[in-house]
Amino acid sequence: MVKVIRGDITQLKVDAIVNAANNTLLGGGGVDGAIHRAAGPELLQACRTLGGCRTGDAKITPGFALPATYVIHAVGPVWHGGKQEEDALLSSAYRRSLEVARENGIHSIAFPSISTGAYGFPIDRASKIAISTIRDYLHECKSVMEVFLVAFSEGDFQIIKQILERDPA
Ligand code: AR6
């Protein structure tokens with residue numbers, strides 16, 4: 001099941017929230033900054049032990065002070081116009097997050113719109129990739145995981161909602 005909701009991902013009481021991180025996993029702006037602030041300094045300490053993360057991959061930590069039990073730190077691609085494997089790398093960031101979630105017995109997970117802020121990936125294209133990757137994965141694994149796409153703005157919410165409705169699973 002994939003659903004879109006509007007709001008602040010740091011407030012969600014789910015098994016795992018996904019962070020749109022960078023290769024260092026040592027924090028940044030955007031949703032990454034918000035997650036680190038809400039989780040508290042232990043999150044950075046935990047991230048320091050992970051040795052960074054490749055683009056398209058994901059690693060897990062506890063959620064510390066967050067309502068969510070875990071944070072899955074995923075690294076999406078920087079948008080360079082679409083000819084540098086951006087689509088495949090974005091899809092991989094979603095897929096790897098779901099694989100890590102499954103390995104950790106996670107039943108509910110919330111994603112921000114990875115790569116569509118500072119990394120400049122067009123929201124419409126990114127949302128289609130997110131939805132098809134998640135649906136394919138759930139189908140392949142016969143998984144009943146609850147997956148939430150969290151839109152931070154009303155504009156993003158409407159775009160994601162339309163894509164979900166246009167092509168209902
Ligand atoms: N809850 C949900 N979504 C949010 C929140 C929030 N609290 N805050 C921002 N967003 P971005 P990226 C949305 O820039 O493009 C960081 O510095 C935001 O509106 O956070 O993957 C990292 O360290 C946008 O739709 O991530 C990296 O260096 C989405 O989250 C770099 O930015 C992603 O925007 C990653 O860039």
Side-chain angles (χ1 to χ4, degrees), residues 2-41 43-48 50-61 63-82 84-98 100-101 108-131 133-134 146-164:
V2 192
K3 269 190 193 162
V4 61
I5 53 176
R6 179 159 180 217
D8 176 356
I9 202 165
T10 66
Q11 304 297 307
L12 299 181
K13 195 169 163 42
V14 285
D15 292 339
I17 62 170
V18 175
N19 183 13
N22 58 52
N23 297 119
T24 71
L25 297 185
L26 298 181
V31 71
D32 195 2
I35 289 172
H36 275 270
R37 277 193 298 279
L43 182 60
L44 182 56
Q45 281 179 15
C47 285
R48 283 193 204 285
L50 297 175
C53 184
R54 293 207 176 137
T55 304
D57 200 1
K59 294 189 178 179
I60 192 166
T61 65
F64 299 103
L66 289 164
T69 309
Y70 295 102
V71 179
I72 296 174
H73 305 265
V75 183
V78 177
W79 178 256
H80 290 293
Q84 295 189 34
E85 306 288 321
E86 291 97 324
D87 290 354
L89 289 167
L90 185 65
S91 177
S92 173
Y94 279 92
R95 174 170 280 269
R96 285 291 304 134
S97 298
L98 292 165
V100 168
S108 58
I109 182 169
F111 284 91
S113 189
I114 299 170
S115 284
T116 68
Y119 282 181
F121 208 116
I123 179 74
D124 190 70
R125 184 162 170 156
S127 303
K128 286 178 186 156
I129 291 167
I131 290 164
T133 303
I134 294 164
E146 276 190 298
V147 183
F148 299 97
L149 296 174
V150 183
F152 200 48
S153 71
E154 180 61 24
D156 288 356
F157 177 78
Q158 291 302 333
I159 287 167
I160 297 168
K161 188 165 155 268
Q162 272 175 27
I163 297 168
L164 283 171

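Atom set for the values below is all heavy atoms of this structure, side chains included, hydrogens, waters and symmetry mates excluded. Counting begins at 1 with the first residue of the sequence. Read the numbers this way: they start at 1 and go in the same order the structure lists the ligands and their atoms.
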Quick check: does [X] get an N/O under 3.5 Å from an N/O on ligand 1?
X	result
V150	no
G120	no
A34	no

Short list, please: which atoms of ligand 1 are under 4.0 Å from a heavy atom of [X]?
X	answer
G30	20 (O)
G28	17 (O), 23 (O)
D32	22 (C), 23 (O)
G29	16 (C), 17 (O)
A20	21 (O), 22 (C), 26 (O), 35 (C)
D156	25 (O)
D8	1 (N), 6 (C), 7 (N)

Who's the nearest protein heavy-atom neighbour of [atom], and how far?
atom	value
atom 20 (O) of ligand 1	V31 N, 2.8 Å
atom 21 (O) of ligand 1	S115 N, 2.8 Å
atom 33 (C) of ligand 1	S113 O, 3.3 Å
atom 32 (O) of ligand 1	A118 CB, 3.7 Å

Report task. Would you tell me whether E154 and Q158 have side-chain atoms, one donor and one acceptor, within less than 3.5 Å of each other? Result -> yes
**Report entry** No-hydrogen, no-angle side-chain donor-acceptor test under 3.5 Å, S92 and D57
**Finding:** no
Report task. Classify the contact between I123 and ligand 1 as side chain, backbone, both or neither, using a heavy-atom distance cut-off of under 4.0 Å. Result -> neither
